[in-house]
Structures are given as C-alpha cells and as structure tokens.
Chemist: 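Next up is a structure, given as structure tokens.
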Amino acid sequence: MTAENEKMGKDVDLQERVRLKKANRENLYSLEPPFPKSNFLMELSNVCNHACIFCAHQKMQRKVGKINQELAFDILQQAYDLGTREVGFYATGEPFLVPELPEYIRKAKEIGYTYVYLTSNGSVAAPEKIRAVIDAGLDSIKFSINAPQRKLYEFIHGRDDFDAVMEHLKYLNQYRRESGKDFKIYVTGILTRFTEQLQDKYHELFDELVDQVVFKFVYNQGGYMPEIDPLLRCECDHEERRRCNLPFDAISVTCEGYLSIENADYENMLIVADLNKVSLKEGWYGDVMKEMRRKFMEDDLGGTLCDGCVHHDCRPAKAILPEYSSVQGEYSFTDEMVRKRIEESSLKVYVPMAADIVHPGHINILQTAARYGSVTVGLFTDEAIASYKKAPCMAYDQRKVVVENIKGVNQVIPQLTKDYEENLRKLKPDFMIHGKDWREGPLARVREKAIATMAEWGGQVIEPDYTQGVSSSMLKKKMAE
C-alpha cells in the first residue's frame with residue numbers, strides 16, 4: 001500500500017478523499033490494479049426525493065428499484081474477503097428512503113468493515129432514522145447541501161427542504177452528544193456558478209455543526225450532464241481535462257446487482273459485469289473492465305459516456321453492455337430541463353450601468369447576468385453620471401430605449417446616484433453583476449458598501465473579467481480625435 005493510501009476510515013481528511021479521486025496516481029494505472037481497500041459504494045436503491053439541477057436523476061429513464069438483500073450481503077462479504085474495509089451505502093438514490101438501511105449498516109459491521117458511511121440530502125433523515133443508523137454502527141454521515149441559503153437551495157435542489165435539513169443536522173449533533181458515540185458529521189457543497197462565491201456563508205452556517213465542510217466543483221456527472229459546462233460550471237473552474245481514478249480504485253454496485261465504473265451511472269451505460277452471474281473478483285478483473293482501463297490509460301474513450309466527462313464536452317456515447325442499460329443505441333443528450341429551470345427561476349439579478357455608448361463589454365456583462373436569472377438594469381441618470389465623470393452623450397431616455405431592447409434584459413429602472421444601496425434594498429436581488437473595473441477608482445467604496453448590503457439577505461456580487469480593448473471612455477476619445 002502506498003503512502004498516500006495508508007490511512008483509512010475516519011483518519012482520512014474528507015478533502016483528501018476528494019482529491020485522490022482525480023490525483024495523478026501512477027501506481028494504480030494498470031489493467032490489473034490492486035483490489036480497492038476503500039471506495040466501495042453500494043446503491044441500495046435508485047429512488048430520490050430531490051431533483052438537483054446538476055443531477056441526471058431528474059431525467060433518468062432507468063426503472064426504479066432496490067437491491068436484493070441476499071445478493072447485497074453476499075457482495076459485501078466478497079469485497080471484504082478481497083481486502084475491502086470501507087463501504088458507503090449510496091449512489092444515485094437517497095439512502096434514507098430505504099427502510100432496511102440500518103440492516104445493511106449492521107451487516108457490514110458484523111462482517112468486519114471498519115468504516116461504514118452515508119451521503120444523504122438530509123431531508124428525510126428524521127431523528128428516529130438518525131438514531132437507527134447510528135445505533136447500527138455508522139461511522140460517518142455526510143449531508144449534501146448545495147446552497148447555504150433557502151431560496152438558492154430550493155432552486156438547486158428542486159425542493160424547499162432547507163429548514164428541515166438544518167433541523168436534522170442539528171439533531172445529529174445533539175444525538176452525538178447524548179449518545180457519546182464516535183461518528184463523523186460532514187457537509188459537502190457542490191458548487192455551481194450560482195453558489196461558488198458563498199463558501200464563507202457555508203462556514204458561517206455549518207462550522208459549529210460539522211467536523212468538516214468540503215467543496216466540489218460541479219462537473220459532468222457520470223458523463224450524463226454535458227450541459228453543466230455551459231450552464232452551471234463555476235466561473236473559476238478552468239479545468240480542461242478531468243482525470244478519473246474510478247476504473248482503477250473504486251467498486252460501484254448498482255441496485256440491480258451490476259458492477260459499474262461510476263457510482264453515478266443513472267442509465268447503466270457503464271456496466272462492466274453482472275454480479276448476479278459472476279463473482280465480484282471476476283467482474284473487477286474481467287475483460288470488459290480491463291478494456292475500459294486500457295481506454296482510460298490511452299485516452300481512447302471515444303463512443304463511451306466517459307469521453308465527454310473526461311474532456312468537458314458533449315460527445316456521442318453508447319452503453320458498454322447494452323443488454324444491461326435503459327438506453328438502446330446512442331444516448332440522447334438534452335439540456336432542456338436545466339435550461340428551463342434557470343429560465344423559470346425567480347432569481348433576480350441587478351446590473352448597474354451607464355451605457356452611454358453600448359459596446360461589447362456591456363453585452364458581455366448582460367449575457368453573464370442573464371445566466372443567473374431575471375435581469376434588471378439600474379441605468380444611471382444623467383445627473384448620477386455627471387456626479388463622478390463627464391456628462392453622457394445620450395440622455396437617459398435615449399439610453400433606456402437602447403438597453404431595454406438588448407436581449408436578456410427584463411426591465412430598466414433609474415439608478416439615481418453612484419451609491420447602489422437604495423435600489424438594492426428595493427429589489428433585494430440574489431445577484432449583482434459588475435465588472436472588476438470598479439475595484440479601484442471613484443466606485444471602490446461604493447463596491448464595499450454594495451457587497452455588505454447584498455450580504456444582508458445572502459445575495460452575491462459577481463465580478464466578471466473586464467472586457468479588454470474597449471471602453472466608453474476610449475471610444476469617446478477616439479471620436480473626439
């Protein structure tokens with residue numbers, strides 16, 4: 001065992017676990033890597049009560065079901081006999097919707113697993129269910145909370161369960177104190193461009209309730225969600241190729257009893273073996289899995305779902321073993337559900353601008369704003385502009401006609417002063433969009449005040465990169481010359 005993998009269970013920092021899934025680990029990359037000691041996920045059911053905007057579950061065609069308990073217990077024993085010592089009971093579904101969940105945890109501990117864990121959205125993790133899984137021997141529980149405030153949470157999760165999740169998280173802490181049991185409590189946030197600037201808010205809310213808060217950038221989940229890149233990807237995420245260690249270091253068992261490359265295999269397009277027919281060892285070291293490992297090592301993934309995920313692209317894909325997939329032929333990618341969710345959201349965006357001479361910089365800002373919700377432009381009045389720079393060439397009413405006819409702008413209201421507080425308090429937007437050029441100069445103090453004001457209701461100030469090579473001042477200077 002290598003130094004990077006010596007620690008297991010609760011001794012391993014959760015952020016380190018996340019890192020290892022994408023880290024360059026040359027010792028793993030072979031057709032027959034060591035059998036995983038950790039990274040074993042068993043999908044008890046593919047039923048979920050949430051519809052997270054970045055999750056392929058919302059468009060899943062696969063039949064809903066739950067795993068055969070006798071088969072599950074057998075696979076648990078097989079993995080243990082092969083050296084596995086950790087198991088998580090979740091994948092595409094919500095584990096607390098499975099009544100037998102405590103039985104699986106208890107069985108894993110009886111077999112000898114040293115670390116048994118869960119990831120849950122937390123919405124149905126009521127106190128009696130929490131007590132049952134902890135008393136069964138659970139070593140850690142992680143709540144996936146993908147926005148740290150209620151309105152954004154409902155938008156991201158598709159359900160208004162934020163208050164319930166917070167109550168359940170508080171009860172976890174209470175029961176840990178009362179019971180004296182040694183288990184870890186975690187929160188993860190899957191960051192999208194809607195939430196990437198709210199990491200401080202996460203820490204403010206959860207640091208006293210959990211052992212660790214961990215963030216992950218949203219990505220093309222299992223290869224099923226290429227729309228994440230254009231619609232949801234974090235502005236600060238510039239990754240061009242996603243390294244994936246799952247084929248070399250992870251066991252993913254579906255509720256049908258299939259061995260998959262990926263735990264987020266919503267349509268069973270990444271199945272490599274049927275564990276109803278062959279042993280876990282045969283599946284893990286079988287020809288189909290070996291061929292997929294070769295494809296990963298040689299970056300020869302064309303035609304598989306993994307190709308688009310690794311390369312941040314939408315690429316044609318078919319199932320590895322079509323007889324086990326709910327998809328026959330080529331998978332049909334569609335961004336309709338995510339795009340519609342964004343378009344129909346009640347999220348409000350405020351964009352202050354003078355727009356005296358409209359140029360590509362203005363268009364870039366407004367296009368960025370439209371990706372976050374309904375756009376209101378606070379158009380500076382002639383007097384407001386004159387208070388900190390030269391008077392505009394076009395009068396307010398003329399500029400208003402231009403701006404309100406730009407695609408993506410929902411309404412235009414007057415911005416009466418260079419201080420944005422009045423309009424911000426009136427609108428209470430979820431986002432304010434402003435180019436980075438205001439970080440210095442006459443609007444620097446205005447920026448500080450705007451950030452503080454927005455923070456009062458959990459709003460974010462988004463600052464896209466300034467469009468280089470063009471500005472109203474530069475254009476006016478050239479016209480004067």
Chemist: List for me each residue that meets ring pair (Phe, Tyr, Trp, His ring centres under 6.0 Å) alongside H168, sequence neighbours excluded, and say none if there are none.
Modeler: none
Chemist: By side-chain hydrogen bond (donor to acceptor under 3.5 Å, both in side chains), which residues pair with E128, not counting sequence neighbours?
Modeler: none
Chemist: Only pairs at least two apart or in different chains count here, so list each salt bridge (Lys or Arg N to Asp or Glu O under 4.0 Å) that has a residue in residues 366-383.
Modeler: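 Counting only pairs at least two positions apart or across chains, the salt bridge (Lys or Arg N to Asp or Glu O under 4.0 Å) contacts touching residues 366-383 are E235-R371, D382-R399.
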Chemist: Any ion pair linking R425 and E421 (charged N to carboxylate O, less than 4.0 Å)?
Modeler: yes
Chemist: Listed by chain and number, what are the side-chain hydrogen bond (donor to acceptor under 3.5 Å, both in side chains) partners of T368, not counting sequence neighbours?
Modeler: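 For T368, no residue satisfies side-chain hydrogen bond (donor to acceptor under 3.5 Å, both in side chains) once neighbours in sequence are set aside.
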Chemist: Using only heavy-atom distances, determine whether the side chains of E94 and N121 contain a donor-acceptor pair under 3.5 Å.
Modeler: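 Judged by distance alone, the side chains do pair up.
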Chemist: Does the side chain of T195 pick up a donor-acceptor pair with the side chain of N146 at under 3.5 Å?
Modeler: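 Result is no, nothing qualifies.
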Chemist: Partners of L231 by side chain to side chain contact (heavy atoms under 4.5 Å, CB included), sequence neighbours excluded?
Modeler: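 Partners of L231 under the side chain to side chain contact (heavy atoms under 4.5 Å, CB included) test: E227, D335, V338, R339, I342.
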Chemist: If you measure from SG on C255 to CG on N46, what distance do you get to the nearest 0.5 Å?
Modeler: 4.0 Å
Chemist: Hey, what's the ring geometry for W438 with Y420, parallel, tilted or perpendicular (30° and 60° as the breaks)?
Modeler: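 Geometry flag for Y420 against W438: tilted rings.
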Chemist: Could you tell me whether the side chain of R159 and the main chain of N49 form a donor-acceptor pair under 3.5 Å?
Modeler: yes
Chemist: Can you confirm whether more than 12 heavy atoms, excluding those of R445, are under 6.0 Å from its CZ atom?
Modeler: no
Chemist: Quick one: list whatever passes ring pair (Phe, Tyr, Trp, His ring centres under 6.0 Å) with F155, sequence neighbours left out.
Modeler: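 Counting only residues at least two positions away or on another chain, F155 forms a ring pair (Phe, Tyr, Trp, His ring centres under 6.0 Å) with F194.
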Chemist: Are K348 and D430 close enough for a salt bridge, meaning some N to O gap below 4.0 Å?
Modeler: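 Result for this pair is no, no salt bridge flagged.
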Chemist: Do you see a donor-acceptor pair shorter than 3.5 Å between the side chains of N263 and S252?
Modeler: no
Chemist: Applying side chain to side chain contact (heavy atoms under 4.5 Å, CB included), can you list everything that pairs with P414, at least two apart in sequence or on another chain?
Modeler: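 Counting only residues at least two positions away or on another chain, P414 forms a side chain to side chain contact (heavy atoms under 4.5 Å, CB included) with T381, Y396, L416.
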Chemist: Under 3.5 Å, is there a donor-acceptor pair between the T417 and E422 side chains?
Modeler: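 The criterion, which ignores hydrogens and geometry beyond distance, is not satisfied for E422 and T417.
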Chemist: Taking the six-membered ring for Trp, is the centroid-to-centroid distance between Y186 and F143 below 6.0 Å?
Modeler: no
Chemist: Who passes side-chain hydrogen bond (donor to acceptor under 3.5 Å, both in side chains) against Q221, sequence neighbours left out?
Modeler: Y266
Chemist: Return the set of residues passing side-chain hydrogen bond (donor to acceptor under 3.5 Å, both in side chains) with K201 (not counting sequence neighbours), or none when no residue passes.
Modeler: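 Residues passing side-chain hydrogen bond (donor to acceptor under 3.5 Å, both in side chains) with K201: none at all.
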Chemist: Does a donor on one side chain and an acceptor on the other come within less than 3.5 Å for T376 and Q411?
Modeler: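 Checked: T376/Q411 side chains pair up, N/O donor to acceptor below 3.5 Å.
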Chemist: Sorted by first residue and then second, give each ring pair (Phe, Tyr, Trp, His ring centres under 6.0 Å) pair with at least one member in residues 212-245; sequence neighbours left out.
Modeler: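 Only Y202-F215, H203-F215, Y224-Y331 qualify under ring pair (Phe, Tyr, Trp, His ring centres under 6.0 Å).
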Chemist: For F40, check ring pair (Phe, Tyr, Trp, His ring centres under 6.0 Å) against everything at least two apart and list the hits.
Modeler: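 Counting only residues at least two positions away or on another chain, F40 forms no ring pair (Phe, Tyr, Trp, His ring centres under 6.0 Å).
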Chemist: With sequence neighbours excluded, tell me which residues meet ring pair (Phe, Tyr, Trp, His ring centres under 6.0 Å) with H50.
Modeler: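 Testing H50 for ring pair (Phe, Tyr, Trp, His ring centres under 6.0 Å), a comparison that skips the adjacent residues, returns H157.
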